[in-house]
Amino acid sequence: MVDRPFAMQRTLVKDAHNATAPSDAILLQGWVRTRRDAKAFSFIELNDGSCLKGMQVIVDASLPDYANVARANTGASVEVHGKLVESKGAGQKWEVVATTFAVLGEADATYPLQKKGHTLEFLREIAHLRPRSNLFGAVFRVRSRLAYAVHQFFQERNFHYVHTPIITASDAEGAGDMFRVTTFDVANPPRTEDGKHVDDAKDFFGKKAFLTVSGQLEGEIFAHALSSIYTFGPTFRAENSNTSRHAAEFWMIEPEVAFCDLHGNMDLAEEFVKYLIRDAKEHCAADLEFFSKFVDKDLLARLDFVLEKPFVRCSYTEAVEILEKSGKTWEHPVAWGTNLQAEHERYLTEEHFKCPTTVYNYPRAIKAFYMRATDGCSPGRETVAAMDLLVPGIGEIIGGSQREERLEKLREGMALHHLDEKAYWWYLDLRRYGSVPHAGFGLGFERMLMFVTGVGNIRDVIPFARTPGTADF
RNA sequence: UGCCCGGUAGCUCAGUGGCAGAGCAGGUGACUGUUAAUCACUUGGUCGCUGGUUCGAUCCCAGCCCGGGCAGCCA
């Protein structure tokens with residue numbers, strides 16, 4: 001350990017930059033970003049992650065500790081006692097003149113982060129070091145702030161935070177392929193008496209279990225008691241998706257609101273997205289400026305635009321008409337009753353409306369069983385109260401619906417999707433006892449971060465990405 | 001999972017069927033209230049792996065591995 005000449009409270013670089021007066025005694029701890037040696041002194045840029053900007057530290061060659069400077073290479077951790085003074089150089093208001101300078105942990109020449117730009121692909125391979133880069137420091141500060149803002153948004157509106165289970169035994173949530181959870185010896189699982197099948201009754205939970213793909217169904221239970229709830233937690237999808245906007249493990253926010261219809265749901269989604277953007281602009285201004293400079297030049301203008309304009313709302317049927325009349329040739333044909341493809345969604349939000357767009361009332365046959373059947377549809381044009389919020393550059397960021405609150409209609413939907421009512425007895429009970437109109441949606445937290453930061457790959461807005469074939473760190 | 005592109009120094013890349021290249025990083029020295037400092041010199045290679053064609057393969061061919069983009073699935 002390093003001898004400390006005097007006990008002192010550490011000052012964060014962020015707070016040092018915001019100082020209103022010089023200080024005779026300040027303690028900084030952090031990591032060296034770069035060092036520039038002059039004959040009589042050295043400049044060291046120290047970053048502690050509290051903000052984007054580092055603090056310039058000056059170590060005079062006459063100091064007894066000056067010998068330590070030679071070991072303070074890029075990446076080393078250091079501890080500096082000194083004076084906060086107004087900088088003589090351009091580029092920063094304050095700088096620290098060291099009185100002591102200690103290296104806590106050296107970093108030799110093999111330290112991979114150089115004083116130059118690195119590709120995102122390379123940085124992904126060193127996910128244990130990339131938070132020390134400007135870009136990833138900024139991304140993860142914004143991530144932290146927005147996670148806080150999510151809670152703030154809902155708590156301010158009297159929503160209650162519900163911890164829905166991560167492990168689920170209902171293998172029919174329907175939102176995608178699921179990861180299996182088991183304590184079996186995979187090579188030699190217990191078998192039924194005839195030896196033909198794996199005996200799931202002998203597994204940990206007495207039946208097959210999986211990682212959750214959505215907390216929605218459990219969320220509905222709590223909305224039927226606490227009125228307005230939200231979940232915010234990890235979600236797992238075992239799909240073999242290899243795109244810049246899919247991960248096998250991601251974080252999802254799922255509000256569920258009793259006494260709410262589709263339009264209230266769309267209002268909430270729009271208000272929520274705008275709230276998060278406003279919060280990031282207010283609390284992460286320097287980081288967003290950095291993204292705007294180095295990641296996406298149009299970022300700040302786009303965020304302002306999104307805040308100012310009401311989102312477009314467009315029914316599925318209208319969307320199909322727009323696409324048919326667009327004069328475009330589509331790789332995937334447009335036809336009422338089929339899903340909108342990425343190229344169609346991009347056209348709507350990026351070219352036609354040039355604005356975040358909520359598409360609602362989708363054909364019943366292509367949507368989930370729990371979505372509310374629209375009343376008064378013409379035959380062959382049955383729809384459900386589903387909605388997708390599409391944003392330029394990313395596509396779908398929110399998916400949601402008003403839920404079917406009528407018992408018989410829900411059973412009808414389950415029959416349509418060939419689902420076993422017995423597996424959903426408790427879900428059906430909600431419609432038997434005090435059923436109410438209710439609605440909710442899921443926001444992909446990482447997709448929101450991509451939108452707010454301009455970062456183009458989901459692997460770069462999550463600390464350690466889990467994608468097909470990759471679960472390092 | 002399908003289609004497309006790529007893998008050469010620590011990083012970013014150029015290159016050729018016949019001795020392996022640059023910039024940056026690293027090292028040494030000089031210079032300097034510097035700002036990814038600057039200048040000079042300099043170390044550094046399993047050319048992804050395996051096999052094939054060839055007198056000779058980093059280069060051509062095949063298979064595999066890894067990375068990326070797009071599509072599907074979705075948030």
Side-chain angles (χ1 to χ4, degrees), chain A residues 33-45 53-60 73-75 85-92 95 97 107-126 129 133-134 174-177 213-216 232 234-254 269 273 294 330-332 338-346 366-368 386 388-391 394-400 441-451 456-462 467-470 472:
Chain A
R33 280 295 173 77
T34 178
R35 189 183 90 217
R36 295 174 289 275
D37 295 323
K39 188 173 275 177
F41 49 88
S42 290
F43 294 109
I44 287 155
E45 191 189 328
K53 201 170 163 53
M55 177 57 73
Q56 174 158 287
V57 174
I58 289 139
V59 189
D60 196 273
N73 297 319
T74 302
V85 299
E86 283 188 35
S87 178
K88 290 182 207 166
Q92 59 278 318
E95 61 189 16
V97 176
D108 69 14
T110 62
Y111 182 66
L113 284 174
Q114 300 174 5
K115 293 179 276 188
K116 64 166 219 157
H118 287 291
T119 61
L120 295 172
E121 290 81 6
F122 171 69
L123 290 167
R124 266 172 226 154
E125 293 170 10
I126 51 165
L129 298 172
S133 66
N134 285 332
D177 294 334
V213 293
S214 165
Q216 180 202 317
F232 183 12
T235 309
F236 306 88
R237 303 273 167 92
E239 265 111 28
N240 192 8
S241 299
N242 290 290
T243 80
S244 55
R245 56 190 191 285
H246 287 87
E249 178 184 299
F250 63 99
W251 284 60
M252 186 156 65
I253 298 128
E254 295 181 286
V273 166
F294 293 105
W330 304 108
E331 192 185 330
H332 303 271
T338 62
N339 245 317
L340 297 182
Q341 303 298 309
E343 58 174 337
H344 307 140
E345 295 182 344
R346 269 207 315 275
I366 58 170
K367 285 292 181 179
D388 283 354
L389 174 58
L390 315 174
V391 296
I394 296 167
E396 183 176 344
I397 198 168
I398 280 178
F441 61 81
L443 169 77
F445 188 51
E446 285 77 17
R447 289 190 181 173
M448 186 67 206
L449 283 167
M450 290 168 72
F451 190 62
N457 195 308
I458 199 167
R459 296 170 181 89
D460 299 325
V461 295
I462 193 164
T467 51
T470 306
D472 297 329

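Numbered from 1 within each chain, the chains take letters A, B, ... in sequence-line order. Values reported hereafter were calculated over all heavy atoms of this structure, with side chains retained and with hydrogens, waters and symmetry mates removed.
With pairs defined as Watson-Crick or G-U wobble and both atom distances under 3.5 Å, the stems of at least three pairs that touch RNA chain B come out as B:1-7 with B:65-71, B:10-13 with B:21-24, B:26-30 with B:38-42, B:48-52 with B:60-64.
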Write down the protein N/O and nucleotide N/O pairs, taken from nucleotides 68-70 of chain B, whose separation is under 3.5 Å; answer none if there are no such pairs.
from: B:G68; atom 1: OP1; to: A:Arg124; atom 2: NH1; distance (Å): 3.0
from: B:G69; atom 1: OP1; to: A:Asn457; atom 2: ND2; distance (Å): 2.7
from: B:C70; atom 1: OP2; to: A:Ser244; atom 2: OG; distance (Å): 3.3
from: B:C70; atom 1: N4; to: A:Asn242; atom 2: O; distance (Å): 3.0

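Legend: residues meeting side-chain hydrogen bond (donor to acceptor under 3.5 Å, both in side chains) with A:Asp108, ordered by chain and number and at least two apart, are A:Thr110. When the side-chain contact (heavy atoms from CB on, under 4.5 Å) test is applied to A:Thr243, the partners found at least two apart in sequence or on another chain are A:Arg245, A:His246. Listed by chain and residue number, A:Asp37, A:Tyr66 satisfy the side-chain hydrogen bond (donor to acceptor under 3.5 Å, both in side chains) test with A:Ser42 (two or more places apart in sequence, or in another chain). Taking the ring-ring contact (aromatic ring centres under 6.0 Å, His included) definition, one finds that A:Phe250 meets it with nothing, sequence neighbours left out. Evaluation of the side-chain contact (heavy atoms from CB on, under 4.5 Å) rule for A:Glu121 yields A:Thr119, A:Arg124 as partners, not counting sequence neighbours. Remark: A:Glu343 engages no residue in a side-chain hydrogen bond (donor to acceptor under 3.5 Å, both in side chains) (not counting sequence neighbours). Partners of A:Phe232 by ring-ring contact (aromatic ring centres under 6.0 Å, His included), not counting sequence neighbours, listed by chain and number: A:His151, A:Trp251, A:Phe445. Applying the side-chain hydrogen bond (donor to acceptor under 3.5 Å, both in side chains) criterion to A:Gln341, with sequence neighbours excluded, gives no partner residue. The ring-ring contact (aromatic ring centres under 6.0 Å, His included) test applied to A:His118 returns A:Phe122, not counting sequence neighbours.
Map A:Leu443 and A:Gln92 each onto its nearest nucleotide of RNA chain B; the residue landing nearer the 5' end is A:Gln92. When the nearest nucleotides of RNA chain B are assigned to A:Leu340 and A:Val97 by heavy-atom distance, the more 5′-ward of the two goes with A:Val97.
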**Prompt:** When you check every protein heavy atom under 4.0 Å of nucleotides 25-31 of chain B, what one-letter string (B, S, -) results, 5' to 3'?
**Reply:** SS----S

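Between A:Phe43 and B:G33, no base-stacking contact is recorded for ring centres under 5.5 Å apart and planes less than 30° from parallel.
Between the side chain of A:His118 and the base of B:C11, no donor-acceptor pair under 3.5 Å is found. With hydrogens and angles ignored, a donor-acceptor pair under 3.5 angstrom links the side chain of A:Ser241 to the base of B:C73.
A close approach under 4.0 Å does occur between a side-chain nitrogen or oxygen of A:Thr119 and OP1 or OP2 of B:U12.
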